[in-house]
Amino acid sequence: MTTSIHTTNAAMAASSSGGPTSAGGPANDALVIADRTFTSRLVVGTGKYPSHAVMQAAHIASGTEMVTVAVRRVDLAAKGEGSLLHWINREKIFLLPNTAGCYTADDAIRTARLGREAGLSNWVKLEVIGDEQTLFPDNEALIEATRVLVKEGFVVLPYTNDDPIACRKLADAGAAAVMPLGAPIGSGLGIQNPNNLLIIKSQAKVPVIVDAGVGTASDAAIAMELGVDGVLMNTAIAGAGDPASMAAAMRHAVIAGRLAFRAGRIAKRMYAAASSPTSGLIGT
């Protein structure tokens with residue numbers, strides 16, 4: 001009973017934010033990737049939820065307009081509530097197939113093609129894993145797969161390390177956005193190398209979306225305060241005690257981080273700086 005109350009409250013809070021902001025931030029501050037415009041800068045996954053119903057409630061509370069789904073997890077033969085796709089409102093939420101579980105460029109390319117042939121999308125979150133324990137990407141294979149898929153008309157969003165050189169090469173290969181990790185997948189460690197993300201963003205010719213490693217709302221806000229264009233997460237929401245409430249928290253964290261970045265933070269100082277005037281004090 002407690003979970004359902006929290007889920008309802010989270011969804012209500014998320015849908016009643018009001019004010020001058022949309023689902024993802026200021027109404028005049030849209031995220032544009034390739035030929036699509038998104039008002040939300042939060043991308044959410046579909047794995048690890050206790051149930052499809054919990055997943056759906058979290059998606060609503062997050063305000064997301066794009067969710068990722070592993071091509072290998074989609075059972076096209078499943079019907080009604082037994083189908084994962086049944087629980088995603090595709091009139092409001094854009095589907096981003098991913099190549100999760102692929103360890104070679106050829107495997108990732110075949111999986112992306114399968115997703116397109118199955119009618120999911122010609123967009124792909126491209127994953128080519130290089131190490132089974134850390135799940136770090138194989139950047140060499142990732143760049144190779146990106147080149148092939150871009151030539152075949154895919155809109156490619158590759159998941160990669162927080163490596164400025166790799167991100168630059170992926171953009172040069174035709175990636176529509178780059179998705180550097182904040183920390184290892186599912187670790188919840190938060191942003192480990194903020195300076196790398198700053199460099200990536202300063203050099204990027206395409207949107208930069210932090211993918212993986214976020215654990216809680218403050219991590220999402222920190223990522224957005226660095227100036228990246230969006231945050232993608234799954235475990236932080238799906239694995240939370242109350243996924244819908246965490247989704248609502250992430251929604252507002254992304255908005256807050258984006259607003260703070262656009263506003264411009266004050267400079268850091270070694271010593272205090274009075275916020276009130278010193279002239280006119282008694283005795284002076």
Side-chain angles (χ1 to χ4, degrees), residues 20-45 62-68 93-96 98 121 123-127 137 142 146 150 154-183 190-214 217-234 236-237 247 250-265:
T21 59
S22 65
N28 63 343
D29 185 35
L31 169 62
V32 180
I33 303 175
D35 59 347
R36 295 189 70 93
T37 299
F38 303 91
T39 58
S40 172
R41 292 176 178 270
L42 175 58
V43 185
V44 180
S62 74
T64 188
E65 295 173 322
M66 179 161 55
V67 301
T68 66
I93 297 177
F94 182 70
L95 205 62
L96 178 62
N98 70 52
S121 179
W123 285 44
V124 61
K125 180 196 170 191
L126 185 62
E127 300 181 29
L142 192 65
T146 297
V150 167
F154 282 89
V155 177
V156 181
L157 287 68
Y159 159 70
T160 185
N161 293 310
D162 55 348
D163 177 352
I165 306 304
C167 287
R168 188 174 68 211
K169 289 183 177 181
L170 286 165
D172 290 343
V178 291
M179 294 183 163
L181 56 80
I191 308 304
Q192 295 297 289
N193 294 303
N195 193 60
N196 282 27
L197 294 177
L198 285 171
I199 294 172
I200 291 168
K201 180 57 185 173
S202 70
Q203 297 180 347
K205 302 174 184 177
V206 296
V208 177
I209 300 174
V210 170
D211 180 5
V214 168
S218 57
D219 299 330
I222 288 169
M224 295 303 299
E225 287 172 5
L226 294 172
V228 301
D229 300 284
V231 179
L232 190 156
M233 65 186 72
N234 183 70
I237 293 176
M250 293 297 187
R251 174 182 186 168
H252 293 295
V254 168
I255 293 172
R258 180 64 179 177
L259 287 171
F261 168 73
R262 295 189 79 199
R265 65 158 293 140

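Counting from 1, the numbers follow the sequence of the chain as shown.
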Going by side-chain contact (heavy atoms from CB on, under 4.5 Å), [X] matches just one of [options]. Which one?
X    : options               : value
M179 : V208, V228, D211, V43 : D211
M250 : D219, V214, V231      : V214
P180 : N161, D163, L197      : L197
R41  : L232, T64, L31, I209  : L31

What are the two closest non-hydrogen atoms of [X] and [Y], and how far apart are they?
X    : Y    : result
A220 : V254 : CB-CG2, 4.2 Å
Y159 : P137 : CE2-CG, 3.4 Å
V210 : A223 : CG2-CB, 4.3 Å
A175 : V206 : O-CG1, 3.4 Å
P164 : I200 : CA-CG1, 3.6 Å
F154 : V124 : CD2-CG1, 4.2 Å

Is there side-chain contact between [X] and [Y], with at least one heavy-atom pair below 4.5 Å?
X    : Y    : value
L157 : P207 : no
L226 : I191 : yes
P194 : I222 : no
M233 : L42  : yes

Problem set entry | Verdict with supporting geometry, I255 and M224, side chain to side chain contact (heavy atoms under 4.5 Å, CB included) | CA-CA 8 Å; I255 293 172; M224 295 303 299; over 6 Å; no
Working to the nearest 0.5 Å, report the span between [atom1] of [X] and [atom2] of [Y].
X    : Y    : atom1 : atom2 : result
I93  : S62  : CD1   : OG    : 6.5 Å
D229 : D29  : CG    : CG    : 9.0 Å
I165 : T160 : CD1   : OG1   : 11.5 Å
R251 : S40  : CZ    : OG    : 7.5 Å
W123 : T68  : CH2   : OG1   : 13.5 Å

Problem set entry | Test side chain to side chain contact (heavy atoms under 4.5 Å, CB included) applied to L170 and L126, step by step | CA-CA 11 Å; L170 286 165; L126 185 62; over 6 Å; no
Exercise. Should we say atom NZ of K201 is surrounded by more than 12 heavy atoms from elsewhere, each under 6.0 Å from it?
Worked result: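 Correct, the count exceeds 12.
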For this session: Run the numbers on V67 and L96 for side chain to side chain contact (heavy atoms under 4.5 Å, CB included), then give the verdict.
Result: CA-CA 6 Å; V67 301; L96 178 62; over 6 Å; no
Problem set entry | Donor-acceptor under 3.5 Å (E65 side chain, T39 main chain) |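 Side chain of E65 to backbone of T39: a pair is present.
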